[in-house]
Amino acid sequence: MHIVDGALALPVLATGAALTVAGVAIGLKKMDYDHLPQVGVLSAAFFIASYIHLPIGFSSVHLILNGLIGLALGWAAFPALLVALFLQAVFFGFGGFLVLGVNAVNIALPAVMVYYLCRHGISSPSPKVAATWGAIGGAGSIVITTVMVAFSLMLSGEAFLLAAKATFVAHIPVMVVEGFVTAAAVLLIRKVKPEFLGIDEERAYG
Amino acid sequence: MPQFLEHSGTSWKGQKVKHDQSLIDRLDPRLRVVLVTLFAFATVLSHNFIVLTVAVIAGFLLAILAQLNVKRTLRRVIAMDMFMIFLIILLPFTTPGETWFTLFGLSASKDGFLHALMILLKAHAVVLSLLALVGTISATTLGHALAHLRVPDKLVHLMLFTVRYLEVIGQEYKRMRRAMQARAFVLRTDMHTWRSIGYLIGMLLVHSLERSERIMDAMKCRGYKGQFYLFDDMRMGREDYRFIAIFVPFLCILTGLNFI
Amino acid sequence: MSEQNAIIKVTGLSYRYPRRGVVLDSVDFALHAGERVALTGPNGAGKTTLLHLLVGLKKAKAGDIWAFGESRSEEKQFIDVRARAGFLFQDPDDQLFCPTVLEDVAFGPLNLGKSREEALKIASETLASLGMEGFEERITHQLSGGEKRMITLASVLAMEPEVLLLDEPSNALDSDARQRLIDTLLGLPQAMIIISHDPDFIAQLATREVRLEDAKLRAVNLTEPQRVTA
Amino acid sequence: MSEQNAIIKVTGLSYRYPRRGVVLDSVDFALHAGERVALTGPNGAGKTTLLHLLVGLKKAKAGDIWAFGESRSEEKQFIDVRARAGFLFQDPDDQLFCPTVLEDVAFGPLNLGKSREEALKIASETLASLGMEGFEERITHQLSGGEKRMITLASVLAMEPEVLLLDEPSNALDSDARQRLIDTLLGLPQAMIIISHDPDFIAQLATREVRLEDAKLRAVNLTEPQRVTA
Ligand SMILES: Nc1ncnc2c1ncn2[C@@H]1O[C@H](COP(=O)(O)OP(=O)(O)OP(=O)(O)O)[C@@H](O)[C@H]1O
Ligand SMILES: Nc1ncnc2c1ncn2[C@@H]1O[C@H](COP(=O)(O)OP(=O)(O)OP(=O)(O)O)[C@@H](O)[C@H]1O
Ligand SMILES: [Mg+2]
Ligand SMILES: [Mg+2]
């Protein structure tokens with residue numbers, strides 16, 4: 001999902017950077033110092049998740065988990081994901097440096113959208129309903145991310161159209177896997193530590 | 001990303017990329033961050049093949065100067081190449097223009113090929129210089145350098161926490177993964193696998209969060225009041241100015257080349 | 001080459017950690033049916049490492065491992081070993097990752113290819129046999145230390161293992177929970193290896209003791225008569 | 001209201017966890033100079049929680065806390081308490097967070113406003129006084145369990161605390177390390193509260209025992225004479 005340096009046009013880079021700065025500013029404002037450890041944990045988890053590979057037939061996919069992170073953090077997902085992407089870029093050469101803004105907005109904006117879309121659903125008293133919304137959040141964030149990645153490419157040149165479409169198709173298995181994995185993770189967390197997902201205890205326990 | 005690269009990140013503890021001590025290590029971290037940013041701009045914004053070739057060579061030189069571990073760096077660069085290989089292969093066939101050659105009835109254009117080549121050069125120049133100049137700083141020091149460069153304090157603290165918890169989570173992940181293996185768990189393409197991995201991740205987050213709270217408590221018990229102490233000072237020295245004296249004119253020439 | 005009645009047998013087993021150096025230096029060991037072997041040794045001697053090697057969670061640098069009548073050296077061959085040996089980890093927190101007790105205990109049987117109904121049935125039965133009925137719907141994460149230990153034991157036993165590998169099972173238990181654990185283990189027919197720093201715990205359980213020190217494994221003479229209880 | 005010579009004193013202290021319910025119900029307790037009080041009780045009784053309340057890491061739902069001659073209720077007031085009380089955590093992994101041993105031991109003195117040179121000097125001296133010289137440059141998370149315990153103790157002592165709060169200090173230690181710990185603690189002048197499940201460890205150290213059970217704290221009669229060693 002990470003785009004490398006050199007592929008995108010200047011206006012796309014600038015727009016991405018501007019959106020990320022805005023998102024991070026909102027995120028930082030909504031996050032106080034006592035919250036830092038929690039956000040740091042999720043940022044680190046995103047980093048680790050990209051090393052977890054699951055087999056799909058003969059191939060394998062790695063997890064992205066931006067849906068889960070969005071559900072847990074809301075706007076704070078912006079700074080969390082920016083930090084993780086920055087560390088990956090600087091220390092592992094994953095993704096580029098100047099495209100950091102575009103990469104961050106492509107991954108963090110869907111996280112925030114999922115937060116508003118599914119936050120209510122996952123705190124439903126029925127575990128089935130909650131799991132479904134978890135799955136929607138997990139798969140949905142990947143769908144939006146992929147669409148945004150495709151758009152970033154397309155806006156940078158007609159020639160990328162096919163690559164953009166291919167990106168989308170290639171990520172369909174990821175959407176399925178992330179859906180199931182996020183649903184299970186949401187189910188577990190709401191049983192074990194509902195306050196982590198901002199779920200009211202009374203609601204989760206009926 | 002190919003499988004053989006897995007786990008290189010789960011055991012990363014925020015230390016600098018393994019390499020031998022070098023000239024670059026003696027430079028001020030703030031300077032390194034600033035210079036790499038300028039270099040990235042000069043490279044990415046250029047459309048001139050001479051400039052890009054020089055930039056890639058400069059990237060290589062920096063990597064050599066920083067004495068980067070060859071095997072490790074190669075693995076990282078290859079991993080990056082895997083990301084864009086798709087894009088690069090498709091480009092010649094999707095860009096309109098005069099036909100250069102045909103493959104399976106598809107015509108590849110020269111323009112597309114040149115465009116692909118340009119992306120390759122830019123990406124490699126940036127990644128090499130980044131790994132050489134910034135990847136060789138330890139994450140904590142980098143955090144402090146960023147704070148000096150007016151990056152918001154909260155963001156810097158977040159980064160320092162993230163680096164600290166990377167180790168906690170990475171270890172916790174490995175231990176739990178091993179415990180699953182010990183109960184005959186094998187990764188497959190099925191619901192049971194996905195549910196189990198979902199549980200693993202959920203539990204990982206809960207454990208790590210609680211551990212992070214306990215670590216925070218332990219830090220408070222030893223008088224921590226919200227400030228990290230570092231055993232390094234940042235001061236520009238003679239070597240820094242010497243490096244600037246070489247690097248900045250080089251950047252000017254690199255930019256200037258675009259206009260001839 | 002393998003002894004007829006040894007369930008697990010290793011010869012010349014060696015292991016080293018990158019920066020720590022050699023922790024196991026050409027270790028020989030055999031576990032026979034019905035034995036309860038205590039594995040002792042100072043902190044950092046490599047006891048946990050040895051158990052990990054036995055089930056292939058770490059790869060030995062040298063040496064041979066036979067388990068259940070076959071030589072084992074590759075990851076593929078160890079999958080079967082792990083299905084037949086029950087491994088209790090040093091820290092129960094590492095081992096519990098499902099939200100409820102019942103799901104966690106059923107995880108092993110599911111991996112062994114049992115259907116969901118079967119797995120849940122086995123899980124309930126195992127819990128009952130350990131006197132832990134009523135815990136099925138409890139949240140694993142909120143159990144006390146002693147309860148966690150018993151649940152991880154249940155989740156190991158639910159796989160109907162042929163041998164048990166127990167890493168410091170009595171750690172952090174209060175005296176009641178500790179006694180309950182001893183009684184349970186004494187009632188089990190399986191051969192087992194028990195790591196422990198608790199001399200009294202070992203005295204009550206073990207039929208034989210081996211000590212790991214300075215990367216070497218040697219037998220300990222059990223002079224006190226009460227040590228052989230079985 | 002505060003007793004003259006009590007270093008720490010609590011009255012009517014209560015605490016409850018959201019789903020767990022009440023763990024401490026109107027607990028009274030006082031620690032006097034020179035005492036070594038053993039705090040015992042079954043798993044999950046709330047012993048760790050009680051220590052956390054004493055230094056303000058958790059906020060009591062009801063009750064009063066006096067420490068070092070002052071009443072403490074707000075976060076600000078507890079900062080001073082934490083600087084003067086040395087807290088050894090149940091899990092040493094939670095407590096070691098610097099890459100090297102020396103940095104970790106120097107972390108506390110640095111926070112107390114010492115200069116870098118002073119802090120490093122104090123750290124080296126404390127390590128030496130515990131017989132841990134030579135460990136300065138070791139990587140903290142690669143130490144064995146026993147070594148970690150001793151290092152965390154050093155990092156607590158480096159702050160020159162007036163009282164010690166020790167949460168299961170002997171866990172997972174081998175017999176040598178355990179004896180070294182006992183000797184070290186017996187040689188320290190500070191008053192301390194020691195949580196432990198190990199009767200022999202308590203017998204060798206404690207001057208008095210209190211037991212936490214069913215959310216209530218009560219004194220235990222130490223009948224055996226050897227329990228009072230100081
Ligand atoms: N991943 C690792 N990297 C480097 N050294 C390690 C690693 N894991 C363990 N060690 C070291 O190897 C040695 C053996 O560790 P092991 O956990 O097997 O000891 P143990 O006998 O189980 O000790 P304990 O009684 O404390 O549980 C220790 O010195 C430990 O520090
Ligand atoms: N964050 C939490 N949320 C809910 N319950 C908790 C939390 N922390 C602890 N508990 C519960 O509170 C009770 C007291 O915990 P505490 O850690 O104080 O016990 P303890 O006496 O130290 O036990 P042990 O001997 O096992 O260390 C336990 O039942 C525990 O499950
Ligand atoms: Mg061990
Ligand atoms: Mg405790």
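Letters A, B, ... are given to chains in the order of the sequence lines, protein chains preceding strands, and every chain is numbered from 1.
A distance of 9.5 Å separates CG in L27(B) from CD1 in I137(B), rounded to the nearest 0.5 Å. For the atom pair D104(D) CG and K148(D) NZ, the distance stands at 11.5 Å (nearest 0.5 Å).
For the residue pair T48(D) and D167(D), a side-chain donor N or O sits within less than 3.5 Å of a side-chain acceptor on the partner. No donor-acceptor contact under 3.5 angstrom links the side chains of T193(B) and S196(B), judged on distance only. Remark: the R32(B) side chain and the T136(B) side chain contain an N/O donor-acceptor pair separated by less than 3.5 Å. Between S208(B) and Y173(B), the side chains place no donor N or O within less than 3.5 Å of an acceptor N or O (distance only, hydrogens not considered).
At a threshold of 4.0 Å, the pair E118(D)-K121(D) does not count as salt-bridged, since none of the basic side-chain nitrogens sits closer than that to a carboxylate oxygen. By the 4.0 Å N-to-carboxylate-O rule, R178(D) lies close enough to D198(D) to be salt-bridged with it.
Residues of residues 152-161 of chain D that come closer than 4.5 Å to chain B, counting heavy atoms only, are S155(D), M159(D), ordered by residue number. Close approach to chain B, defined as a heavy atom under 4.5 Å from one of its heavy atoms, is seen in E75(D), I79(D), R82(D) of residues 75-83 of chain D, taken by number.
Side-chain atoms of I193(D) and F29(D), non-hydrogen and from C-beta on, do get closer than 4.5 Å to each other.
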